[in-house]
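Because only heavy atoms are used, hydrogens play no part in the values below, and waters and symmetry mates are left out as well, while side chains stay in. Proteins get letters first, then strands, A, B, ... in listed order; numbering begins at 1 in each. The structure presented is a predicted model; accordingly, all values stated were derived computationally and were not measured.
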Amino acid sequence: MDFLESLLVGFVGIVVINNFVFTKFLGICPYLGVSGRLDMAFGMGCAVTFVTTLAGGLTWLIDTLFLVPFHLEVTRYVCYILVIAGAVQLVEMYLKKFFPPLYKSFGIFLPLITTNCVILGLCLFLNLWQVDNIVLALVLSFGAGIGFTVAICIMAGIREAMELADIPTCLAGAPIALITAGLLTLAFMGFSGMIR
Amino acid sequence: MSKENTMTVGQAFIGGVWTEIPVLRLMLGLCPTLAVTTSVKAGLTMGLCVIFVLICSNFVVSSMRHLLKPHLRIMIFTLTIAVFVTIADMYLKAFQPVMSEKLGPYIPLIIVNCIIICRAEACAAQNGLLVSVVDGFAMGLGFTIVLCFLASIREVLATGCITFSPTLVLTILKPVEAGGWFTPWASMLMPIGAFVTLGLMLAAVNQIAGKKS
């Protein structure tokens, strides 16, 4: 029971309280770049969630089974980035084969998931937090992806509504998106302290 | 892959520090910009690491530009970058342990900093050694300038002074606790301070650049 509770606490914590986008500033580039339309944002979120779960689990396994026992920690970053690039390639091939329309609508953004900081950031944080079992590692990875999806969908919703607003020319585009993001972080700060 | 240079050394330098200044014009590399700018010293350390990695990765990518295969390109770039980031990370851990502790995972996250991949793809893979190295230096310099500028605004408004080391503290606005008049803005250290300050900086740059054209 304790184990289940720790999983639940970890999941809620990483989705709302330590949301990667709002508190750790990870994944800001796609967060501002792809959040123009709600359906694209949701698709992007799903792809990222899948890749984080896969990459988080795999890097945890590689870390505990190979790097630490053989004292190869120095190659950690190289291994992580290879795993992530491979996982993205896998998603790309899968989408191309089974969902061609979705694949076309993503275009350049799909390979760019490789350089999404959420994924590498999560792998590094799993290492930093010294997560000691695979189930917790998987739950946290999945939670990080869901957190990113929530953030990017909220942002896309707001930006769709903002298209009709009258914004000063120098603020139009990225500046107003950044300020909106700032206000959103303030809202999410209300959750801090919910779990210790 | 073309063998001729697409730009001159001068163009590369000006491009890096003004016309294509990474954060403000290209909107690349936002994550570290927002995360490490709580103090000037952290911003400067980050900037120097990025300059080092950019110069080295541009040098390597440019020297093997004739050997690159299109479908393996991105993989080669990220691996090259990862190697140099590991070197920078080990150097910081050995000689600047406090900074290394403070920056934490943001140093390894340089690997996925879009600026570096973007320069490898847009510049180093098409230009000669000299131009690529100058471009790497200029882009890194532009990035560092933006980081330091943003960090100094945030640090001064959040604490009233700029702290380089415990003995070297530059007081700009005297806070109330020290007998001055300035009430520090705690929110400047929080995420909202980062987002809003960067948003206003972008707006200012848009305004200046818009007037010229």
Side-chain angles (χ1 to χ4, degrees), chain A residues 19-33 73-82 84-86 88-89 111-112 114-125 127-128 167-189 192, chain B residues 23-25 27-37 71-75 77-87 89-90 104-118 187 190-211:
Chain A
N19 189 303
F20 270 36
V21 176
F22 293 132
T23 60
K24 302 240 171 5
F25 307 105
L26 297 173
I28 301 291
C29 301
Y31 176 60
L32 295 176
E73 286 95 340
V74 72
T75 59
R76 183 172 281 147
Y77 307 150
V78 178
C79 292
Y80 282 11
I81 201 75
L82 264 179
I84 294 169
V88 172
Q89 197 81 40
L112 278 184
T114 313
T115 57
N116 187 328
C117 341
V118 171
I119 303 169
L120 185 63
L122 173 95
C123 300
L124 294 167
F125 273 110
N127 184 255
L128 198 72
I167 300 164
T169 33
C170 67
L171 278 176
I176 196 73
L178 276 168
I179 293 172
T180 318
L183 295 176
L184 268 178
T185 64
L186 207 56
F188 266 72
M189 262 172 58
S192 65
Chain B
V23 175
L24 301 175
R25 293 291 180 84
M27 295 293 293
L28 293 174
L30 290 175
C31 316
T33 313
L34 293 165
V36 303
T37 50
H71 56 285
L72 285 177
R73 219 174 53 231
I74 301 289
M75 193 71 120
F77 292 167
T78 35
L79 282 182
T80 316
I81 297 165
V83 169
F84 289 113
V85 170
T86 310
I87 296 174
D89 186 56
M90 285 163 73
Y106 290 102
I107 291 293
L109 278 172
I110 296 178
I111 300 172
V112 288
N113 191 327
C114 341
I115 295 174
I116 300 175
I117 276 214
C118 163
S187 65
M190 294 173 191
I192 178 159
F195 278 113
V196 171
T197 318
L198 184 62
L200 294 179
M201 260 172 82
L202 277 180
V205 168
N206 280 356
Q207 187 74 11
I208 296 167
K211 259 184 195 158

So, taking the atom named CD1 in I81(B) and the one named OG1 in T86(B), what distance separates them when rounded to the nearest 0.5 Å? 11.5 Å
Region of I111(B) that comes under 4.5 Å of a non-hydrogen atom in chain A: side chain
Contacting moiety of L120(A), where chain B heavy atoms sit under 4.5 Å: both
Between N127(A), I84(A), V74(A), the one whose heavy-atom pairs under 4.5 Å with chain B are most numerous: V74(A)
Closest heavy-atom pair, L124(A) versus Y77(A), reported as atoms and distance to 0.1 Å, is CD2-CE2, 3.8 Å
If you tally heavy-atom pairs under 4.5 Å against chain A, which of V85(B), T33(B), D89(B) wins? D89(B)
Taking side chain as everything from C-beta outward and backbone as N, CA, C, O, which of these in A204(B) sits under 4.5 Å from a heavy atom of chain A? Side chain, backbone, both or neither. neither
Close side-chain approach of F195(B) to I28(A), heavy-atom, < 4.5 Å: yes
Choice from C117(A), P168(A), A85(A) maximising heavy atom contacts with chain B below 4.5 Å: C117(A)
Choice from A82(B), P191(B), A194(B), P32(B) maximising heavy atom contacts with chain A below 4.5 Å: P191(B)
Once you measure the plane-to-plane angle for Y31(A) and F22(A), does it fall in the parallel (<30°), tilted (30-60°) or perpendicular (>60°) bin? perpendicular
Under a 4.5 Å cut-off applied to non-hydrogen side-chain atoms, are I119(A) and V112(B) in contact? no
Which answer fits M90(B), side chain, backbone, both or neither, if we ask what part of it has an atom under 4.5 Å from a heavy atom of chain A? side chain
For residues 170-186 of chain A, which side-chain donor-acceptor pairs fall under 3.5 Å, sequence neighbours excluded?
unit_1: T180(A); atom_1: OG1; unit_2: I176(A); atom_2: O; d: 2.5
unit_1: T185(A); atom_1: OG1; unit_2: G182(A); atom_2: O; d: 2.5

Just wondering, do L82(A) and M75(B) contact through their side chains at under 4.5 Å, heavy atoms? yes
Test item: L30(B) and L198(B) side chains (from C-beta on) under 4.5 Å apart, heavy atoms: yes
For the candidates G104(B), P108(B), S187(B), which exhibits the highest count of non-hydrogen atom pairs separated by less than 4.5 Å from chain A? P108(B)
Measure N113(B) against the heavy atoms of chain A and call it side chain, backbone, both or neither at under 4.5 Å. neither
Counting only non-hydrogen atoms closer than 4.5 Å, does F125(A) touch chain B with its backbone (N, CA, C, O), its side chain (CB onward), both, or neither? side chain
